[in-house]
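Remarks on the structure that follows.
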Amino acid sequence: MSEVKKFKTESKRLLDLMINSIYTNKEIFIRELISNASDAIDKYHYLSLTDDKLPAKNDYEINLSFDKDKKTITIKDNGIGMTHDELISSLGTIAKSGSLEFMEKIKELSKDGENKIDNPEIIGQFGVGFYSAFMVASKVEVRTRSLYDDKGYLFVSKGEDTYSIDECDKDDSGTEITLYLRENTEEYQYDHFLSEWTLKDLVKKYSDYVRYPIKMLCHKSELKEGSKDEYEEKEVVETLNAMTPLWRKNKNEVTDEEYNKFYKEKYYDFEDPLTHIVLNVEGKINYTALLFLPKNPPYNLYSEKYEKGLQLYSKGVFIMDKCKELLPDYLRFVKGLVDSSDLSLNISREILQKSKELQDIATNVEKKIVQNLKNMMTNEFDKYVEFFKNFGINLKFGIYDDYGMKKDLLQDLIIYNTVNEEKMVSLAEYVKNMKEGQENIYYASAKNKEEVLAMPQMDLVKKKGYDVLILSDNVDEFVLKVLDEYDKHKFKSINQGDLDLLDKDEEKRIDKIQKDNKSLLDAIKSSLNGKVDDVIVSKRLTDSAVCLVSGDGLSFEMEKVIKSMPDGDTKDVKANRILEINSNHEIFKLLEDVYSKEPDTISDIADLLYNQALLIEGFSIDNPVEFSEKMCKLMIKAHK
């Protein structure tokens, strides 16, 4: 006679919560039931080590099958099975964890030196995994027999208030769970699970690294014996899972080719990765990580739709695809996975609870990636340059982000082209190669070396032979502002502020010229009608006539970057403009002469010089027609 029982202490409402609210992705029922089957085999194996009544096995396996006509899916294991009381305890009480109790027993056994057992990697942490079946099933049957019982039992539930238990015939130990799928609805087609391809794909996705073989009878097309072009369908039992994860193998036993193949298949890339990193950490928290640096960035790396993160596994079982908490934003391009048995998972194992363990793993993963990049820079510089050209801007954003919180970690990874070197150099190498007497690290924003060398502000720097960093990314100046200095050497823009390159006598001479020509310089500034904040005699020009520099604070490059941003009102953002005139150039003598004879005409020359300086800096002039007319007028006057 059928034994009908109500779920202990739990109401229909709680059961509905288990079925409909805890799990958001219906397909993970496969993961949960296979994980339970794996746990049952683990229990058998570890108990057989200490209980002589349990015969040892070497044919552990999990079998998966489906029946399209009956609309059923069956998962079968040859593990420990359940007694009548264990059925009531484990399945009749929602959220009762038999796996958790088993782990506690193993710990007790391990306290005895003679019964020392390595801790099994039992997957189940909660007792709700079984109930994920009701997301897709209208009825579930569980046939089970424990080796500690001579009877088999059939547990039947429709996911409602009650369940039934009957005795049944079952010759071997283990558990067989059969799911009767729900009827299709407009929202969801449940019978898409009744497919060989779908079940293979789900096992590969979620349970590929369960340690026991997951087998299924599959159809395979093979060439008929004796035929060259005629095929026949055959039924063969296939093992669907890889079982041993690549990242858990000894690093010395895995070739680069195997890592590359894994990367391309797992992360859908056509090219080998630039490098891979394997971490195996044991301590307060144990985890393994397999990380890859791609050779090229994905097409959508900088789009809003791109999702960063590492795949997360727990004891070889797939938990989530993109765990963003494991990677900082500046390492968003890194691919890979983390596998740990020590993480705090939520009750459905679908999302990760924020925890100190997770933060510790993320911090360590970040440091290991940075250290790997430093090693690559030291030992394989050409390879690092290749990496930096594709992903260096991410490291720069890492320095700039969060007010420079990570500048000390990342500053030695930044490399730049310079005017004196044919190869890119690090900040450490720049400082090492500094000329005697050079105190600052000089930089200029430009697309290439030729643009920097053509800048009038380079006159004195070139004569000194000082090297200059070429900043070609929009974020570069912001990065150097955050760094402020490197190895006690200040960063100095060649077109901002005073370069401090003159000796005292030359500086005194120019200060005197500035003082003697104060009225001329004031007249030029006045004629420019607020376009410049000051007009001075230059301490940086030796050959060029004029240049425009910015004062301390916002630079011209920063102004351009901010004004190019699509959001916000940036029309009033403007760097201070200082017009510098070379007192050694003939143009200065012309200005002195014109001002002494025809002071009212100084404004046209001043305007031409200002617009010339604007063009040199890459700014557009306000009135090109007026500029052209004044140029023609001046040429005609000079010809007369």
Side-chain angles (χ1 to χ4, degrees), residues 30-31 34 38 64 121 196-216 218 220-222 236-281 287-301 306-323 326-327 331-340 365 368-369 371-373 375-376 379-380 382-384 386-387 389-391:
I30 285 286
R31 178 192 73 186
I34 288 177
S38 175
L64 188 61
E121 289 201 347
E196 182 179 307
W197 184 89
T198 299
L199 292 175
K200 279 183 176 181
D201 183 61
L202 292 178
V203 169
K204 198 73 179 171
K205 179 178 180 180
Y206 290 107
S207 306
D208 199 30
Y209 305 114
V210 168
R211 72 176 74 190
Y212 304 108
I214 303 169
K215 297 183 178 182
M216 186 169 73
C218 300
K220 193 174 183 181
S221 183
E222 290 185 353
V236 294
V237 176
E238 288 187 20
T239 298
L240 308 183
N241 59 323
M243 289 181 280
T244 304
L246 188 73
W247 58 89
R248 289 195 174 188
K249 294 181 179 179
N250 190 306
K251 287 190 286 186
N252 299 327
E253 297 175 357
V254 184
T255 65
D256 288 343
E257 288 74 18
E258 288 176 299
Y259 283 123
N260 293 344
K261 181 182 177 183
F262 176 87
Y263 166 78
K264 288 187 285 189
E265 290 179 351
K266 198 79 171 175
Y267 302 105
Y268 309 108
D269 199 341
F270 295 105
E271 293 188 279
D272 290 340
L274 192 64
T275 190
H276 64 268
I277 306 167
V278 182
L279 305 178
N280 197 340
V281 178
Y287 70 91
T288 303
L290 177 56
L291 312 170
F292 297 94
L293 303 185
K295 189 168 288 185
N296 292 300
Y299 72 95
N300 63 340
L301 180 62
Y306 183 83
E307 292 183 82
K308 69 164 185 173
L310 301 177
Q311 290 182 322
L312 183 67
Y313 288 79
S314 181
K315 302 165 186 159
V317 175
F318 179 76
I319 301 299
M320 63 190 301
D321 191 38
K322 299 286 178 63
C323 184
L326 287 171
L327 282 178
L331 293 177
R332 59 194 287 117
F333 54 87
V334 175
K335 303 288 186 182
L337 56 90
V338 168
D339 187 352
S340 175
V365 165
K368 292 295 184 181
I369 294 171
Q371 186 57 54
N372 183 273
L373 291 174
N375 292 340
M376 187 190 298
N379 303 316
E380 301 174 279
D382 290 343
K383 188 175 182 179
Y384 185 78
E386 180 184 357
F387 159 81
K389 286 179 178 178
N390 285 318
F391 301 106

Any side-chain heavy-atom pair from [X] and [Y] closer than 4.5 angstrom?
X	Y	answer
Leu373	Leu293	yes
Thr275	Lys383	yes
Leu290	Tyr259	yes
Val317	Ser314	no
Leu337	Leu310	no
Val365	Leu326	no
Tyr206	Ile30	no

Regarding Glu386 and Asn390, do their side chains bring together a donor and an acceptor under 3.5 Å, going by distance alone?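 Note: Glu386 and Asn390 side chains miss the donor-acceptor criterion.
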Leu327 and Ile369: CA distance, side-chain angles, deciding distance, side chain to side chain contact (heavy atoms under 4.5 Å, CB included) verdict: CA-CA 10 Å; Leu327 282 178; Ile369 294 171; 4.2 Å; yes
How many angstroms lie between [atom1] in [X] and [atom2] in [Y], if you round to the nearest 0.5 Å?
X	Y	atom1	atom2	value
Glu238	Lys215	CD	NZ	12.0 Å
Lys200	Leu202	NZ	CG	13.0 Å
Leu240	Lys204	CG	NZ	9.0 Å
Ile214	Asn241	CD1	CG	4.0 Å
Phe262	Asn260	CZ	CG	12.0 Å
Thr244	Tyr209	OG1	OH	10.5 Å

State whether the number of non-hydrogen atoms from other residues, nucleotides or ligands found under 6.0 Å of Lys368 atom NZ is greater than 12.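 No, not enclosed.
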Can you establish whether the number of heavy atoms outside Lys261 located under 6.0 Å from its atom NZ is more than 12? no
Side-chain ion pair, Glu258 and Lys249, N-O less than 4.0 Å: no
Can you check whether Asn375's main-chain N or O pairs, donor with acceptor, with Asn379's side chain at less than 3.5 Å? yes
Please tell me whether Tyr384 and Phe387 form a close aromatic pair, meaning their ring centres lie under 6.0 Å apart. yes
Angle class for the His276/Phe292 ring planes (parallel below 30°, perpendicular above 60°, tilted otherwise)?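 Rings of His276 and Phe292: tilted, as their planes differ by 30° to 60°.
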What is the ring orientation for Trp247 with Tyr313, classed by angle as parallel under 30°, tilted 30 to 60°, or perpendicular over 60°?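 Ring orientation of Trp247 relative to Tyr313: tilted.
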At their closest point, which heavy atom of [X] faces which heavy atom of [Y], and how far apart are they?
X	Y	result
Tyr263	Pro294	OH-CB, 3.5 Å
Ile319	Arg31	O-NH1, 3.6 Å
Ala289	Val338	CB-CG2, 4.0 Å

Criterion side-chain contact (heavy atoms from CB on, under 4.5 Å) against Lys308, the qualifying member of Lys322, Arg332, Lys335: Arg332
